[in-house]
Amino acid sequence: MTTVTAMKCACDGCRCIVSLSDAIMKNDKPYCSDACAQGHPDGAGCGHTGCSCG
Ligand SMILES: [Zn+2]
Ligand SMILES: [Zn+2]
């Protein structure tokens, strides 16, 4: 079995890849940022280049 060390952010609109060591885990899903983990309550994106989530 391969150990997965990086996954796409679990936020739908987000294209960021997060490594599991830095991911923000919420409900067992990895998110790239607090904004994604909270479901973008303020409409704020994660702020990563090239990503238009939020
Ligand atoms: Zn994003
Ligand atoms: Zn994200």
Side-chain angles (χ1 to χ4, degrees):
M1 222 172 100
T2 314
T3 305
V4 179
T5 57
M7 284 181 71
K8 198 188 88 60
C9 174
C11 169
D12 277 343
C14 190
R15 290 190 261 154
C16 301
I17 302 296
V18 281
S19 70
L20 293 183
S21 53
D22 321 318
I24 295 164
M25 296 301 295
K26 195 170 184 196
N27 299 323
D28 288 329
K29 293 176 181 164
Y31 292 89
C32 68
S33 67
D34 236 26
C36 292
Q38 307 299 322
H40 303 290
D42 307 318
C46 63
H48 294 120
T49 310
C51 183
S52 55
C53 68

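For reference, positions follow the sequence shown, starting with 1. Both counts, for ligands and for their atoms, begin at 1 and track the order of listing.
Residue Cys51 counts as close to the Zn ion (ligand 1), with an N, O or S atom under 2.8 Å. Among the backbone and side-chain atoms of Cys16, none of the N, O or S atoms lies under 2.8 Å from the Zn ion (ligand 2). Using a cut-off of 2.8 Å, one finds that Cys9 contributes an N/O/S atom close to the Zn ion (ligand 2). At a cut-off of 2.8 Å, His48 is not counted among the residues with an N, O or S atom near the Zn ion (ligand 1).
Expressed to the nearest 10°, the angle at the Zn ion (ligand 2) joining SG in Cys32 with SG in Cys36 is 100°. Expressed to the nearest 10°, the angle at the Zn ion (ligand 1) joining SG in Cys14 with SG in Cys46 is 140°.
Test Cys16, Pro30, Cys9, Cys51 against Cys36 for side-chain contact (heavy atoms from CB on, under 4.5 Å) and you get one pass: Cys9. Here the rule is side-chain contact (heavy atoms from CB on, under 4.5 Å) with Cys11, and of Ser33, Cys53, Cys46 only Cys53 fits it.
In this structure, Met7 and Lys29 have side chains that are not in contact, with every pair of non-hydrogen atoms separated by 4.5 Å or more.
Residue-environment remark: NZ (Lys8) exceeds the threshold of 12 foreign heavy atoms within 6.0 Å.
Across all non-hydrogen atoms, the minimal contact from Asp34 to Ile24 is N-CD1, 3.3 Å.
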